[in-house]
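Step one of this worksheet: look at the structure below.
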2 protein chains.
Amino acid sequence: MKRDSKKAVRARHQDDDIYAEMFSAILEQRLSPGTKLSEDALCEIFNVSRTIIRKVLQRLSHEKVVEIQPNRGAFVAEPTPEEARDVLEARRIVEAGIMRGAVRTAKPSDIKRLKSMIAKEGKAIEQGQHSKWVSLSGDFHLELARISGNHALAEFLRELVSRTSLIHVQYQSGQMGHQSCSCDEHVEIISALEVGDEETSVALMDAHLNAIEASLDLSDAKADDDLYRIFAKDTAIAAGES
Amino acid sequence: MKRDSKKAVRARHQDDDIYAEMFSAILEQRLSPGTKLSEDALCEIFNVSRTIIRKVLQRLSHEKVVEIQPNRGAFVAEPTPEEARDVLEARRIVEAGIMRGAVRTAKPSDIKRLKSMIAKEGKAIEQGQHSKWVSLSGDFHLELARISGNHALAEFLRELVSRTSLIHVQYQSGQMGHQSCSCDEHVEIISALEVGDEETSVALMDAHLNAIEASLDLSDAKADDDLYRIFAKDTAIAAGES
DNA sequence: AAAACAAAAAATGTGGACAATATGAAGCTT
DNA sequence: AAGCTTCATATTGTCCACATTTTTTGTTTT
């Protein structure tokens, strides 16, 4: 019955495709934090039943990029400042361990691949494709995790990176001075990795993540609803007009 | 219409209760690795529909204590030796970071609670309640994570601890010499923590986790199906008989 | 006119029915 | 009799309909 045709392979697991689609939509910042993810709407968009959508939403929820509020629905996660600090601290700890592993296990072909990835990052920055760069930057860190060989850590970092993307959207400070040089930091890290300098590469990664956190505005003012802050002056104007 | 009565609070979220039940059943080693978790059976046991059971199984699957094989069903996870090494390495990295955090944030009341937890561990060991001790030992590590204040790391460690429990069942070497003194290692860690000695407490935790890994038999012989190893001599006998 | 209440609409939570797939057994061919 | 094919059974995957809850709308009352 030819049930193992190419079509069958592609057709099974519609969830995975939809999951990937939504995950990258969030990572590429086409879905903003707080956006309501209506089940019915997603059903029509992807032409599947709610069962599938619900499965995908729960998976995203477990990975902390979507928050499911009981009886209220699913929303793109809105990390709190505390959560943001936790995620960045976790990344410093985890990625230090990953760097130590990668220094030992990195092959020349790995270094080559990492360099080409950084080159792509540079192009994305040149062309002003910010969201693409965010995605590529995440891939760089995940590639290091893969090279280190620890699958458990790699999967956890994948979660942390996606959460970092959301954090970036929500708490980027106005200046944006950091991002253009972040690619350079990647270059330095690989240079240290290439010559097998464990301590330097770890230190550079730590500094890199610190720089990312420093580029954020994690003052608790932005914590709860932005609305109060956004409309603070508007209401004042309205008061003056009346 | 009195929808916020006590009953309502308890009635909502049947999933959570069932999840907790199954999770602790696996942690307390009442469910062995490889056990098939039939959906229909679980439906009858917990008196709910498959929708609920499926949600619970997927959650457990995401936490890597259950493996879902497409079109075949859910099974209690059977960590490979490689997975076991990854989990223990991840724990060394993560718990080192947690110790550094805990040294800074631990209050006297926290120390007190940790000591009482260790006391419970000692009692469980005295009374030969092995599975209870495993559970309590995990709680000790998780309490340190809670004290450190990093929620992201704490949740990840929770996953690692539960996986460690499965690993323990599957790869414990015959001698068992380690476990009786593991409680003592916890005591030493807290002693260092109490006096605020960061480096020593980190080193002790690292040694503790190394001791756990050393107590396991992670030779790849047990890697894939035990059957080949178990029946290796039997087939030889059968060959001789024919 | 503002607030509070009531009803309607919309969205989520759950259970059951049908379809697709895998497992095991019987029958057939060589 | 061994191996392969075919069929029957059991289990999982998906969809749909109903129940419950939330949100919105409209009305009433002060």
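Here is how names work: the chains are called A, B, and so on, in the same order as the sequence lines, proteins then strands, and each is numbered from 1.
- Annotation: side chain of His151(A) is not in contact with side chain of Glu82(B) (no heavy-atom distance under 4.5 Å).
- Here dG15(C) is the nucleotide among dT12(C), dT23(D), dG15(C) with the atom lying nearest to any side-chain atom of Gln14(B).
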Show each protein N/O and nucleotides 16-18 of chain C N/O combination with a separation under 3.5 Å, one pair to a line.
none

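- Of the side-chain N and O atoms in Arg54(B), none sit less than 4.0 angstrom from OP1 or OP2 of dT12(D).
- Side chain of Ser38(A), nearest nucleotide from dT14(D), dT12(C), dT11(D): dT12(C).
- If you take CD1 of Ile52(B) and P of dT14(C), they are 4 Å apart, rounded to a whole angstrom.
- Rounded to whole Å, the distance from CG on Leu42(A) to C1' on dA11(C) is 13 Å.
- Applying the salt bridge (Lys or Arg N to Asp or Glu O under 4.0 Å) test to residues at least two apart or on different chains, the pairs with a partner in residues 143-152 of chain B are Asp110(B)-Arg146(B), Arg113(B)-Glu143(B), Glu143(B)-Arg146(B).
- Summarising the geometry, the separation between CD1 on Ile68(A) and P on dT14(C) is reported as 12 Å, rounded to the nearest angstrom.
- Whole-Å rounding puts the Asp15(A) CG to dA20(C) P distance at 17 Å.
- Looking at heavy atoms from C-beta onward, Leu216(A) lies out of side-chain contact with Arg85(A) at the 4.5 angstrom threshold.
- Protein atom CZ of Arg72(A) is 16 Å distant from nucleotide atom C1' of dT20(D), rounded to whole Å.
- Comment: Lys64(B) does not engage Glu83(B) in a salt bridge, judged by the lack of any side-chain N to carboxylate O separation of less than 4.0 angstrom.
- For the pair Asp40(A) CG and dC15(D) C1', the interatomic distance rounds to 14 Å; values are reported in whole Å.
- The residue among Asn71(A) and Asn71(B) whose nearest nucleotide of DNA chain D is located toward the 5' end is Asn71(B).
- Side-chain N/O atoms of Lys36(A) include none lying less than 4.0 angstrom from OP1 or OP2 on dT22(D).
- For Asp15(A) (side chain) and Ile52(A) (main-chain N/O), no donor-acceptor pair under 3.5 Å exists by modelled atom type.
- One atom, CD1 of Ile18(A), and another, P of dG13(D), lie 16 Å apart when rounded to the nearest Å.
- One atom, CD of Glu67(B), and another, C1' of dT12(D), lie 15 Å apart when rounded to the nearest Å.
- Separating the CZ atom in Arg158(B) from the CG atom in Asp139(B) is a distance of 10.5 Å, to the nearest 0.5 Å.
- Ring pair His208(A)/His141(A) is parallel by interplanar angle, where below 30° counts as parallel and above 60° as perpendicular.
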